[in-house]
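These notes are about the structure you will find just below.
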Amino acid sequence: METVKEVRTRRWEEKKYEDGVKWMSLEHNGPYFPPEYQPLPDDVSFYYNGKKVKLSLAAEEVALFFAQMLDHEYTTKQVFRENFFKDWRKEMTAEERSLIQHLEKCDFGELHNLHKAKVEARKNMSKEEKQALKEANQKITDEYGYCLLDRHKERIGNFKIEPPGLFRGRGEHPKQGMLKKRVQPEDVIINCSKDSRIPVPPAGHRWKEVRHDNTVTWLASWTENVQGSIKYIMLNANSKLKGEKDWEKYEVARKLKSCVDDIRDQYLRDLKSKEMVTRQRAVALYFIDKLALRAGNEKEEGETADTVGCCSLRVEHITLHDQLDGNECVVEFDFLGKDSIRYYNKVPVIKKVFKSVKLFLENKEHGDDLFDRLNTSLLNKHLSSLMPGLTAKVFRTYNASITLQQQLKALTNRKTKLLSYNRANRAVAILCNHQRAPPKTFEQSMATLQTKIEARKEQLALAKTELKQAKKEAKAKGNSDPKLQKYRCEEQLLKMEVQATDREENKQIALGTSKLNYLDPRISVAWCKNMGVPIEKIYNKTQREKFAWAIDMTEADFEF
DNA sequence: AGCCGGACTTAGGAAGGGCAGA
DNA sequence: TCTGCCCTTCCTAAGTCCGGCT
């Protein structure tokens, strides 16, 4: 007799296809294209050098992109302005180009105001208008938001073609401000099964190509003009395909758990190697494992912001301290990582690592690679020889998940379970350096909460006095129950205090990323079961859908 | 061996929406 | 009923890693 658990698990486990085949049938309606550009009304003009200029449609559209962003800081950045102006001029007619030579002489004021008015109008829409808009959007979702994969209806993640606009990179991106062009059906490749209803291109257009490749999961793709990279239309995270992949990822990380001790022994031994490559590999692995650094692929200079990961660290990103704050052998890291988020950390390391790094830095200067013999492909080749499926990023997943599990065991306080959970989650977010900009209204909303807490404290004091009073007059005839009132008051006070602590500790930490991408959901599901916490308390609707596989199959005894 | 295109995951910020308190 | 706040959803950029090619 098989258990419910086994049946549920098998449902997710059944792997129909081998050797890279992802589906047998795929049918969809193609991507949704953004609406065509609507020309400016006659009473809104662009001015050049103080004179009204009626722009061609193409130039006008791009001008509006810039005007819309005028409130944003990056329209003041030199690189952004230059890139924009250069690309804008390409969209102009010859006459426009010869007239409009300097961005400083351009007056986008009326276009900017028009945009602001539109935003305002949208905000002030009546209930009926909002409802109508919502219904129209729903219709679009109904038509384009779903596909049929192996006869199951699945949600598509991003079914809309990205609208044109000005490219906004993160950090000091050399291409910021460049024009991201409007995507035409003629740019789009459709992927679906041969025997399916082929999506119909918008009237008067045709697709670039229709192909039937069942070894990939995307439904449509196009090449974006700024970076020349391919963009894809893919399934939603709650789809079976994505869920299975996610599960697989955590299974690989669990496998690492079973052999991580050996791997650690090995790279500690490798620290003594006379081979420079081996020694650099060992140090890199030490950092990746201990600090959850990303692999750090090399990037093309001048094409993207200057950011690094482990293998691409340079001399200027680390400082060695023989002694620092009472610790020996401290490595100070200071670099911009993914999304130009700063990684700053002072880490005491073992002597061998410290001495090795010192050696690697010898005769190098600012701009040189710390690991000059190493790259991610070499590193990953080594890792995959230690364990099938092992790559650098598995360490991040493994260390994140194991940390959550350990922290949950260590921290869980029966009285403030959710705070404990968030603290465990936070420990992981800190490990992975998942930061966010402090919310703009942080200080103020913190103060508001504090005021409420004070008020509640007073109320509690009052309730306590009343309770004493009531006890004295043994036969209380009041219609309210003072005991209950005091109890409620205490509850609410505790809740608010916990909230305040949680919020303060969360000021610059983003919990979502690790929750969504690094923490094996089965750890959380099991914890909820053990603690009697409803799963809704830690996963919202979207998250529950994404982690349906884990919620379905996990029992209280799950161990990562 | 190194390079590059391709496919997929991971990431933070902006926009949207719903709800509690004024 | 309005307003401000917080959470969710949307958006798309920026990573990782693989495999095929030269």
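Owing to the predicted nature of the structure, the values given are computational and were not obtained by experimental measurement. Per chain, numbering begins at 1; letters A, B, ... match sequence-line order.
In this model, no donor atom of one side chain and acceptor atom of the other lie less than 3.5 Å apart for Asp369(A) and Ser312(A). Of the N and O atoms on the side chains of Thr542(A) and Glu545(A), not one donor lies less than 3.5 Å from an acceptor on the other residue.
In this model, the phosphate group of dG12(B) is not approached by any side-chain N or O of Gln435(A) to a distance below 4.0 Å at OP1 or OP2. Phosphate contact (OP1/OP2 of dA14(C), side-chain N/O of His173(A), threshold under 4.0 Å): present. Regarding contacts with the backbone of dT9(B), every side-chain N or O of Tyr518(A) stays at 4.0 angstrom or more from both OP1 and OP2. Between Ser340(A) and dA14(C), a side-chain N or O to OP1/OP2 separation shorter than 4.0 Å is absent. The phosphate of dT9(B) has neither OP1 nor OP2 within less than 4.0 Å of any side-chain N or O from Asn517(A). When the side-chain nitrogen and oxygen atoms of Lys249(A) are compared with OP1 and OP2 of dC17(C), none of them lie within a distance under 4.0 Å. The shortest distance between the side-chain N/O atoms of Lys160(A) and the OP1/OP2 oxygens of dT12(C) is not below 4.0 Å. Taking 4.0 angstrom as the limit, Lys231(A) places none of its side-chain polar atoms (N or O) nearer than this to OP1 or OP2 of dT12(C). Applying the 4.0 Å criterion to OP1 and OP2 of dT16(C), one finds that Thr391(A) has every side-chain N and O outside that range. For the pair Thr217(A) and dC8(B), the criterion of a side-chain N or O lying under 4.0 Å from OP1 or OP2 is met. Distances shown here put every side-chain N or O of Arg396(A) at or beyond 4.0 Å from the OP1 or OP2 atom of dC17(C). Between Asn158(A) and dC11(C) there is no side-chain N or O to OP1 or OP2 distance below 4.0 Å. The shortest distance between the side-chain N/O atoms of Lys299(A) and the OP1/OP2 oxygens of dG15(C) is below 4.0 Å. Distances shown here put a side-chain N or O of Lys22(A) below 4.0 Å from the OP1 or OP2 atom of dC8(B).
Listed nucleotides: dT8(C), dC8(B), dG12(B). Nearest to the side chain of Ile341(A): dG12(B). The nucleotide whose nearest atom lies closest to any side-chain atom of Phe167(A) is, among dC8(B), dA14(C), dA14(B), dA14(C).
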**OP:** Walk me through it: do Lys77(A) and Glu172(A) pass the test salt bridge (Lys or Arg N to Asp or Glu O under 4.0 Å)?
**Re:** CA-CA 10 Å; Lys77(A) 287 191 178 175; Glu172(A) 294 301 314; 3.5 Å; yes
**OP:** Mind running ring-ring contact (aromatic ring centres under 6.0 Å, His included) on Phe159(A) and Tyr32(A) for me, showing each step along the way?
**Re:** CA-CA 6 Å; Phe159(A) 56 88; Tyr32(A) 175 77; 7.1 Å; no
Original post:
Do Glu251(A) and Arg522(A) pass the salt bridge (Lys or Arg N to Asp or Glu O under 4.0 Å) test, and can you show the C-alpha distance, the side-chain angles, and the key distance before you say yes or no?
Top reply: CA-CA 11 Å; Glu251(A) 287 303 296; Arg522(A) 291 170 295 184; 2.6 Å; yes
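Nearer to the 5' terminus of DNA chain B, by closest-nucleotide assignment, is the contact made by Ser221(A) (compared with the other of Ser221(A) and Arg122(A)). A residue-by-residue look at Asn540(A) and Ser384(A) shows that Asn540(A) has its nearest nucleotide of DNA chain C further toward the 5' end. Nearer to the 5' terminus of DNA chain C, by closest-nucleotide assignment, is the contact made by Arg168(A) (compared with the other of Ala295(A) and Arg168(A)). Checking Arg170(A) against Trp218(A), the closest nucleotide of DNA chain B that is more toward the 5' end is the one next to Trp218(A).
Across the protein-nucleic acid pair, Leu511(A) atom CG and dT10(B) atom P stand 17 Å apart, rounded to whole Å. The separation between Glu536(A) atom CD and dT8(C) atom C1' is 16 Å, rounded to whole Å. At whole-Å resolution of the value, CD1 in Ile161(A) and C1' in dT12(C) are 13 Å apart. What separates CZ of Phe395(A) from C1' of dT16(C) is a distance of 15 Å, to the nearest Å. Atom CG in Asn124(A) sits about 11 Å away from atom P in dC2(C), given to the nearest Å. Distance Lys515(A) NZ to dG12(B) P: 15 Å, rounded to the nearest Å. The separation between Lys175(A) atom NZ and dT12(C) atom P is 18 Å, rounded to whole Å. As a whole-Å value, the separation of Leu293(A) CG from dG15(C) C1' is 14 Å.
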Show which side-chain atoms of residues 277-295 of chain A pair as donor or acceptor with protein atoms under 3.5 Å away, not counting sequence neighbours.
residue, atom, partner, partner atom, Å
Arg279(A), NE, Leu271(A), O, 3.0
Arg279(A), NE, Ser356(A), OG, 3.1
Arg279(A), NH2, Ser356(A), OG, 3.4
Gln280(A), OE1, Asp372(A), N, 3.2
Gln280(A), OE1, Arg373(A), N, 2.9
Gln280(A), NE2, Asp372(A), OD1, 2.9
Arg281(A), NH1, His382(A), ND1, 3.4
Arg281(A), NH2, Asp270(A), OD2, 3.3
Arg281(A), NH2, His382(A), ND1, 3.4
Tyr286(A), OH, Ile350(A), N, 3.4
Asp289(A), OD1, Arg264(A), NH2, 3.1
Asp289(A), OD1, Asn399(A), ND2, 3.0
Asp289(A), OD2, Arg264(A), NE, 2.6
Asp289(A), OD2, Arg264(A), NH2, 3.4
Asp289(A), OD2, Tyr267(A), OH, 2.6

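The base of dT10(B) sits with one of its N or O atoms less than 3.5 Å from a complementary donor or acceptor on the side chain of Lys338(A).
A distance below 6.0 Å separates the ring centres of Phe547(A) and Tyr539(A).
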